Protein chains: 2
Amino acid sequence: MTNNLKVFRARYDLTQKELAEEVDVTRQTIISIEKERYEPSLTLAFKLATYFDVKIEDIFLYEKSTDN
Amino acid sequence: MTNNLKVFRARYDLTQKELAEEVDVTRQTIISIEKERYEPSLTLAFKLATYFDVKIEDIFLYEKSTDN
DNA sequence: ACTTAATGTCAATTAAACTTTACATATTAA
DNA sequence: TTAATATGTAAAGTTTAATTGACATTAAGT
């Protein structure tokens, strides 16, 4: 799973803090997702997609089978 | 957040066990999501959408602000 | 040089997804 | 009636998302 959250955030000229407040999480969560330390919950993914007015698939790219 | 996972599963004529194996989780996880006890991770949502050949938004319906 | 804003790391904790096991019920088939 | 399949519940444990707080670095402005 990869994402281009940073690109969308830049496009909207927002700081991590501002985006965090928009989608109701902390700044650390935004950082962790941008740096792909972990994946967002489905709800957070929806909140981000809704905020940027795109589909989840536009921000998050699923690469099937990192494992099996 | 609501979902129509049960509908998709029925459409493909799969048991919970079969679907669970297809997307690499346990049967309990499928049950919990169908009964909306909790939401799937983004990865699992992608696996399900990919399996049924639809978009995440087709299976999971986000209703903004259950809270704030 | 000093301050402020933005980004980043790290560690400890809480909350929620997911697993595992065990058991209950209903349905269908032998 | 018995066995097998499908769905369901419940509890305890593991894993991971998300929070909180503290501190480091860089860039921009005064």
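Predicted, not measured: the structure shown is a model, and the values here were computed from it. Values reported hereafter were calculated over all heavy atoms of this structure, with side chains retained and with hydrogens, waters and symmetry mates removed. Throughout, protein chains are lettered first and strands after them, A, B, ... in sequence-line order, and every chain is numbered starting at 1.
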Quick one, A/Asn3 with A/Glu36, criterion side chain to side chain contact (heavy atoms under 4.5 Å, CB included). Give me CA distance, side-chain angles, the key distance, then yes/no. CA-CA 8 Å; A/Asn3 73 72; A/Glu36 295 179 357; 3.4 Å; yes

What are the two closest heavy atoms between A/Leu48 and A/Val23, and how far apart are they? CD2-CG1, 3.7 Å

Sidechain-backbone polar pair: B/Glu39 side chain, A/Leu42 backbone, donor-acceptor under 3.5 Å: no

Step by step, work out the salt bridge (charged side-chain N to carboxylate O under 4.0 Å, His left out) result for B/Glu34 and B/Arg9. CA-CA 10 Å; B/Glu34 283 190 356; B/Arg9 183 168 62 82; 2.5 Å; yes

Here the gap from A/Leu5 atom CG to A/Ile30 atom CD1, rounded to the nearest 0.5 Å, amounts to 6.0 Å

Hey, what do you get for CD (A/Gln16) to CD (A/Glu21), rounding to the nearest 0.5 Å? 12.0 Å

Please evaluate residues A/Lys47 and A/Glu22 with respect to the criterion salt bridge (charged side-chain N to carboxylate O under 4.0 Å, His left out), reporting the C-alpha separation (whole Å), side-chain torsions for both, the decisive distance (0.1 Å), and the verdict. CA-CA 9 Å; A/Lys47 280 186 180 178; A/Glu22 289 289 348; over 6 Å; no

When every nucleotide of nucleotides 24-30 of chain C is labelled 5' to 3' by its protein contacts under 4.0 Å (heavy atoms), B for base, S for sugar-phosphate only, - for none, what sequence of letters results? -------

Going by atom type alone, with no hydrogens or angles, which donor-acceptor pairs under 3.5 Å involve a side-chain atom of residues 49-58 of chain B and a protein atom two or more places apart or on another chain?
unit_1	atom_1	unit_2	atom_2	d
B/Thr50	OG1	B/Phe46	O	2.8
B/Glu57	OE2	A/Ile56	N	3.0
B/Asp58	OD2	B/Lys55	N	2.9

So which heavy atom on A/Glu18 is nearest to which on A/Asp13, and how close? OE1-O, 4.1 Å

Should A/Thr29 be listed as having a side-chain N or O under 4.0 Å from OP1 or OP2 of D/dA18? no

What I'd like to find out is whether the side chain of B/Lys6 reaches to under 4.5 Å of the side chain of B/Phe8, using heavy atoms alone. no

Please work out which residues in residues 48-58 of chain A have a non-hydrogen atom less than 4.0 Å from an atom of DNA chain D and list them by number. none

Using a cut-off of strictly less than 4.0 Å between a heavy atom of the residue and any atom of DNA chain C, enumerate the qualifying residues of residues 30-44 of chain A by number. A/Ile31, A/Lys35, A/Arg37

Residues in residues 5-21 of chain A with a heavy atom under 4.0 Å of DNA chain D, by number, are none

Sidechain-backbone polar pair: A/Thr29 side chain, A/Val25 backbone, donor-acceptor under 3.5 Å: no

Output the distance between atom CG (B/Leu19) and atom CD1 (B/Ile33), rounded to the nearest 0.5 Å. 9.0 Å

Please identify each residue that fulfils side-chain hydrogen bond (donor to acceptor under 3.5 Å, both in side chains) with A/Ser41, with sequence neighbours left out. none

Output the rounded distance in Å from CD (A/Gln28) to P (D/dT20). 10 Å

